[in-house]
Protein chains: 2
Amino acid sequence: MAAAREVRPASPRRGVRHHPTLAGLAELPARDRAYQDLRYRILTGRLAPGTTLLETELAALLSLSRTPVREAAIRLAEEGLLEIRPRHGITVRSLSPGDVRDILDVFSALEIKAVELVARRGISAAEAARLDALLDRMERNTAAGDIARWSDLDDDFHSSLVALCNNPRLQRTLGEYWGQQYLARQMVVRLRPLPLQSDIEHREIMAAIKAGDPAAARAAHTRHRDRADHLQLSLLHAHLSGAQPGPAPIPRTPEQEESP
Amino acid sequence: MAAAREVRPASPRRGVRHHPTLAGLAELPARDRAYQDLRYRILTGRLAPGTTLLETELAALLSLSRTPVREAAIRLAEEGLLEIRPRHGITVRSLSPGDVRDILDVFSALEIKAVELVARRGISAAEAARLDALLDRMERNTAAGDIARWSDLDDDFHSSLVALCNNPRLQRTLGEYWGQQYLARQMVVRLRPLPLQSDIEHREIMAAIKAGDPAAARAAHTRHRDRADHLQLSLLHAHLSGAQPGPAPIPRTPEQEESP
DNA sequence: CAAGCCGCTAACGTATACATAAACGGTAAG
DNA sequence: CTTACCGTTTATGTATACGTTAGCGGCTTG
């Protein structure tokens with residue numbers, strides 16, 4: 001199995017913890033430990049798509065009783081990471097290109113709204129500085145050609161933006177989609193060209209936010225997500241060319257990295 | 001307790017059942033019965049905002065054991081209808097104006113995306129006819145001044161649109177927000193002016209969809225939701241004038257009700 | 001040989017038991 | 001009179017028990 005390499009946990013940050021990490025699951029309720037543990041295993045590929053386990057087996061795997069494991073599984077099913085088919089087991093979902101499109105459609109719509117709200121609300125100098133610093137680091141990684149690290153920082157940038165939008169429900173729902181979006185992205189990270197255009201667009205988004213211009217921010221982020229989502233889907237389809245549109249395994253080919 | 005009058009269940013329809021109804025909870029699993037029963041009681045005001053019950057009390061109320069009731073409560077909490085505070089009970093949430101704004105921001109963003117997707121996908125003549133028929137009925141009710149019935153049809157129209165968008169995740173997430181959006185709307189239905197403008201905008205949306213023009217559909221629906229949401233918030237603030245921005249009880253003024 | 005019926009197994013849904021730890025009240029000390 | 005500590009109560013979180021029913025395979029019959 002390639003991709004056995006651990007997903008590099010992004011540096012700990014304020015704001016919502018999205019990245020797969022097991023840190024600090026110390027004295028949480030068992031249900032939350034089950035949730036985080038399972039989520040971690042799914043997002044890192046330790047639990048491969050298609051894997052099917054019974055409630056009892058999951059409970060044994062996590063050394064817990066069925067009750068908290070069941071609650072965790074229900075939650076992960078609601079997030080689209082598991083599929084529960086009573087009497088047939090609990091299966092790790094695999095994402096077809098259609099699924100990826102659906103996920104990105106929702107995720108982007110929500111994120112665009114979040115950015116608009118951030119611009120409307122306005123951000124402090126400190127917050128702007130933090131985001132700008134992230135963009136600086138991303139551009140350095142682009143220059144260095146380190147797309148994996150850039151990708152982590154990109155996650156950070158987008159999550160940090162969302163964390164400023166001041167709409168808890170929006171944040172929660174985006175969080176629910178985060179795992180799926182992360183998996184979808186992992187399917188193509190290795191195929192991505194150098195994110196020169198993304199770096200430019202990020203600066204435009206930041207400019208609109210700093211200017212307190214919600215319409216401009218919305219427009220800039222819409223352009224960004226439309227282009228990025230389209231690219232992601234193109235890469236996915238290209239990579240899967242020949243494969244049927246059915247459930248696609250997560251591709252793990254180490255390919256080229258190019259510059260536009 | 002005013003508003004004791006039952007919420008008029010909209011006519012049964014294909015597509016997602018959103019309206020509060022108890023129909024057909026016959027042989028469902030206990031957890032689903034608990035979910036639907038509780039949701040129904042909340043949306044109809046039988047369980048008033050602020051009501052706090054312990055898991056045991058809820059279980060007794062529904063004549064079930066704690067396990068399925070607990071799972072139902074967790075789900076309703078995720079939907080924002082209940083708040084679970086361990087050792088302090090399970091409380092029916094009340095919506096502050098800020099909550100309503102947050103809810104509408106998310107709900108509208110998602111619905112606009114759904115409409116865009118419907119326009120992109122294109123709709124059949126039969127589907128178009130069904131939607132047009134709904135609009136006809138709405139306009140007749142507008143002419144008759146029956147805002148309550150118009151409101152039910154409006155729910156139907158919006159839900160029917162979403163049902164055509166072909167993105168199950170988007171539909172699911174919209175469904176999760178439906179209850180909150182419904183409650184928010186109920187807070188002001190009685191204060192609404194005649195929806196003349198909405199009727200016009202609905203026709204514009206339909207035209208863009210029939211034309212298969214996603215950008216136009218998005219623009220039309222954005223205008224519609226922006227205006228309608230703004231109106232709703234204005235009505236809410238006006239109605240609550242004097243009240244503090246804290247958790248606001250759902251207004252239950254026994255005002256005029258037009259005859260059906 | 002195919003197809004349908006029947007009985008068995010066990011996974012799940014639900015109920016219940018149990019342990020823990022948080023809230024509350026009372027008491028005592030400052 | 002206020003505050004802090006302690007003991008009791010009990011709601012919750014988790015584990016476990018139990019009944020039901022969905023699958024599944026074998027058997028029988030056409």
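Side chains are part of it too, since the values below use all heavy atoms of this structure and drop only hydrogens, waters and symmetry mates. Throughout, protein chains are lettered first and strands after them, A, B, ... in sequence-line order, and every chain is numbered starting at 1.
In summary, A:Glu127 and A:Arg121 engage in a salt bridge, as defined by a charged side-chain N under 4.0 Å from a carboxylate O. Taking the charged nitrogens against the carboxylate oxygens, A:Arg75 and A:Glu71 have no contact shorter than 4.0 Å, which rules out a salt bridge.
In this model, a donor atom of one side chain and an acceptor atom of the other lie less than 3.5 Å apart for B:Ser96 and B:Asp99.
At distances below 3.5 Å, at least one donor-acceptor pair connects side-chain atoms of B:Tyr177 with backbone N or O atoms of A:Arg169.
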Is there a side-chain contact (heavy atoms from CB on, under 4.5 Å) between B:Ile123 and B:Leu131? Walk through the geometry before answering.
CA-CA 10 Å; B:Ile123 62 174; B:Leu131 291 167; 4.3 Å; yes
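Between its opening and closing five pairs, the helix from C:dC1-D:dG30 to C:dG30-D:dC1 changes axis direction by 10°, a value rounded to 10 degrees.
Among B:Arg33, B:Arg41, B:Arg39, the one residue that satisfies the side-chain hydrogen bond (donor to acceptor under 3.5 Å, both in side chains) test with B:Asp37 is B:Arg41.
Within the 4.5 Å cutoff, side-chain heavy atoms of B:His158 are placed close to those of B:Asp154.
The separation between A:Leu58 atom CG and D:dT14 atom C1' is 17 Å, rounded to whole Å.
Pairs passing the salt bridge (charged side-chain N to carboxylate O under 4.0 Å, His left out) check and including a residue from residues 60-69 of chain B, sequence neighbours excluded, read B:Glu55-B:Arg66.
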Check: protein-nucleotides 9-16 of chain C nitrogen or oxygen pairs below 3.5 Å:
residue : atom : partner : partner atom : Å
C:dA11  : N3   : A:Arg87 : NH1          : 2.6
C:dA11  : N3   : A:Arg87 : NH2          : 3.1
C:dC12  : OP2  : A:Glu55 : N            : 3.2
C:dG13  : OP2  : A:Arg70 : NH1          : 2.3
C:dG13  : OP2  : A:Arg70 : NH2          : 3.2
C:dG13  : N7   : A:Arg66 : NH2          : 2.8
C:dG13  : O6   : A:Arg66 : NH1          : 3.1
C:dT14  : OP1  : B:Ala30 : N            : 2.2
C:dA15  : OP2  : B:Ser65 : N            : 2.8
C:dA15  : OP2  : B:Ser65 : OG           : 2.4
C:dA15  : O5'  : B:Ser65 : OG           : 3.2
C:dA15  : N7   : B:Thr67 : OG1          : 2.9
C:dT16  : O4   : B:Thr67 : OG1          : 3.4

